[in-house]
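Atom set for the values below is all heavy atoms of this structure, side chains included, hydrogens, waters and symmetry mates excluded. The shown structure was predicted, so the numbers you read here are calculated from the model rather than taken from an experiment. To find a chain, count down the sequence lines: A is the first, B the second, and so on, and within it residues start at 1.
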Amino acid sequence: MLNKTLAGLVLGAGVAFACAQASALTIGFSQIGSESGWRTSETASIKAEAEKRGIDLKFSDAQQKQENQIKALRSFIAQGVDGILLAPVVETGWDQVLKEAKDAKIPVVLVDRGVAADPSLYLTKVASDFAEEGSLAASWLAAHTNGKCDIVELQGTVGSSAAIDRKKGFEAVVSNFPNMKIIRSQSGDFTRAGGKEVMESFLKAENGGKSICALYAHNDDMALGAIQAIKEAGLKPGKDITIISIDGVPDIFKAMADGETNATIELNPHLGGPSFDAINAAKEGKEVPKWIKANGPLYLPDTAAAEYAKRTAK
Amino acid sequence: MNGLSSSRNKAATAGEPGLVAGFLRSRAFWPVLVLLLILMANAFISPGFFEVTIVDGHLFGSLVDVVHRGAPTALVAVGMAVVIGTRGIDLSVGAIIAICGAVMAVLTRDTGFSPAVIMLAVMGTGALCGLWNGVLVAFLGIQPIIATLILMVAGRGIAQMITDGQIVTFHSAFFEALGAGHFAYIPVRVEVALAAVLLLALLLRRTALGLFVEAVGGNAAASRLAGIEARGITVFAYVISGLCAALAGIIIAADIRGADANNAGLWLELDAILSVVIGGASLMGGRFYIGLTVIGALTIQSLTTGILVSGLPPQYNLIVKAAAVLVVLLLQAPRSRALLRARLGGLFGGKRHV
């Protein structure tokens, strides 16, 4: 018995030591900025993960500017870091600096967004699959409504990859159910005000909202705006109109706890773990896939109050 | 309108009551006609557009949406009209909306001040922003487009600083009523905006202030020689614009019960300028029309609401809106109108000789 415990202790200490050895790394992280609550929690999560693993994280906030990110990357390369995390503010214009990193044999992990560059220039991309989020939303809705529902859709900003793929993934699943159809679809620009204004017009156009069974919003903020519009039209959001949205911002959990929305799919901000794992794997010479999918879970009202408390307890 | 065209109008409407003829010749004719045409087009595309019902003790329908959504734009636009009257322009109104929304949300969330005090603080913030613009333009002689560009760019940064980059939500019965409540079946925000516009119209047109504004815009040097404190009038115009933007900022933040520093009032300055132009003012200064500017704002909002209700795929929203605005402006431009009239005149030429 004692022996076993002792052996366990020694083994545990050994594993911990090995971990510390393997990840005594210096890693640079170029973040876009802190324009949304989601990005702030992404930064916090990656910093916390680095601290847990004993990684020396060099953090640089680009304040929404690509030139700042390129400068930061060059400075990381000059410092000879072991790896770089990059949340690119735009898709294009990265080839040169990525090539410089590759020449210096520093692996670059793209977090939460992709770039339009030769995939050989970076190690991998750690991000959610927006199309899968859309499919999950549609699958839940199909199950919730027994595959019979007239849906209105609030799209994100026209042309954004999140809007395109969340729409595509949702439609792909809806098309399997002959009694489910999207009756109206319009852009609310990912904002609360946009979601509210467009939802108001949906309600007017659809018989005061009586012919709408469900709302699918490409992000929570638009859903929060739409909830107000539905209330002002004399209907009960979450009951008269079923609502599902994506992102998992704190306010949507509050609305869900109040019974005003039905489900949200979290856009996973905890990308530090898989990113550092990928860099470690590359160091050990292992093959790393070009896209590591880090999708978040679907949340329902039963846990909403607890999740809201957890997310606002900082 | 030149003498020739008005005499033709008179000929075309000869025999009708003087009131109609007067309206046809008045500068209100084209803006009002355009608004009516757009509303008719909306009703044609979406049959329920004019339907107004009563839901939960207030009016409910697309027409109500037009005035409801158009209220903040109209407010900002009348402030813009005064600035444009002085031959200026205020690009910073969208940013002022963001700053004022942020101030209001943070004060409501973090302090126990009464709504009246918060309103006062927010209006003060708006006035301060306008004062900054006015001093840059009038006393430092910076061109208005550059002077107000500074606050346009910096303002959103200031708002983000106030809100810490987050959407600050708040709960206040007073502001919720202001943003989305109804009094006597009509949205409160519409009544508030209407009261503010009327107050401004009285201030400008029942005193000599409006005339001074136009004099400064027409010729600042001449107006100074005539004894008008041109710099003071210019500062006054920007402060008015700041105050209007502040009130719009309150309404916009109260509407969604939150201050969104990144998006509140984004590009609203352009809609405001367009409203003023549709209302028949000249960007060269010297004249402005408050009532017609409101018509201009409602025209833009009817377009937006009409597009949203029509079920048009969102990627066509902007192009349809731009095409409609182009037609509106062409209808209002003297040269294209003269061309149109020449063509129509050719068609009806025979009749007139009979």
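Using a 4.5 Å cut-off between heavy atoms, H58(B) touches chain A through its side chain atoms alone. Proximity to chain A is absent for every atom of I252(B), based on heavy atoms less than 4.5 angstrom apart. For S46(B), no part lies near chain A; criterion is any non-hydrogen pair under 4.5 Å. Only the side chain of T304(B) has a heavy atom closer than 4.5 Å to any heavy atom of chain A.
Between A233(A) and V55(B), the shortest heavy-atom distance links the atoms O-CG1, 3.2 Å. D65(B) approaches S201(A) most closely through the heavy-atom pair OD2-N, 4.3 Å. Nearest heavy atom pair, residue D255(B) against residue Q228(A), reads O-OE1, 2.9 Å.
Considering L154(A), T157(A), V158(A) as possible partners of P314(B), the one that fulfils the side chain to side chain contact (heavy atoms under 4.5 Å, CB included) test is V158(A).
The pair E51(B)-K204(A) does not meet the salt-bridge criterion, since no charged nitrogen lies less than 4.0 angstrom from a carboxylate oxygen. Using a 4.0 Å cut-off between charged nitrogen and carboxylate oxygen, R257(B) and E232(A) count as a salt-bridge pair.
Atom CG of L326(B) has more than 12 heavy atoms from other residues, nucleotides or ligands within 6.0 Å. No more than 12 heavy-atom neighbours from other residues, nucleotides or ligands sit within 6.0 angstrom of CG on L318(B). Within a 6.0 Å sphere centred on NZ of K239(A), other residues, nucleotides and ligands contribute more than 12 heavy atoms. No more than 12 heavy atoms of other residues, nucleotides or ligands lie within 6.0 Å of OH in Y316(B), so this atom counts as exposed by the packing criterion.
Scanning residues 177-196 of chain A against chain B with a 4.5 Å heavy-atom cutoff picks out R184(A), S185(A), Q186(A), S187(A), T191(A), R192(A), A193(A), K196(A), ordered by number.
Atom CG of residue D221(A) and atom CG of residue D260(B) lie 7.0 Å apart, to the nearest 0.5 angstrom. Note that the CD atom of Q315(B) and the CD atom of Q155(A) stand 7.0 Å from one another [nearest 0.5 Å].
Highest contact tally toward chain A, considering only I256(B), D56(B), D164(B), is held by I256(B) [criterion: heavy-atom pairs under 4.5 Å]. Note on A229(A), G234(A), A205(A): by heavy-atom pairs under 4.5 Å with chain B, the leading option is G234(A). Interface check for chain A: of the options N262(B), N317(B), T305(B), the most heavy-atom pairs under 4.5 Å are formed by N317(B). Highest contact tally toward chain B, considering only L203(A), V249(A), D251(A), is held by D251(A) [criterion: heavy-atom pairs under 4.5 Å].
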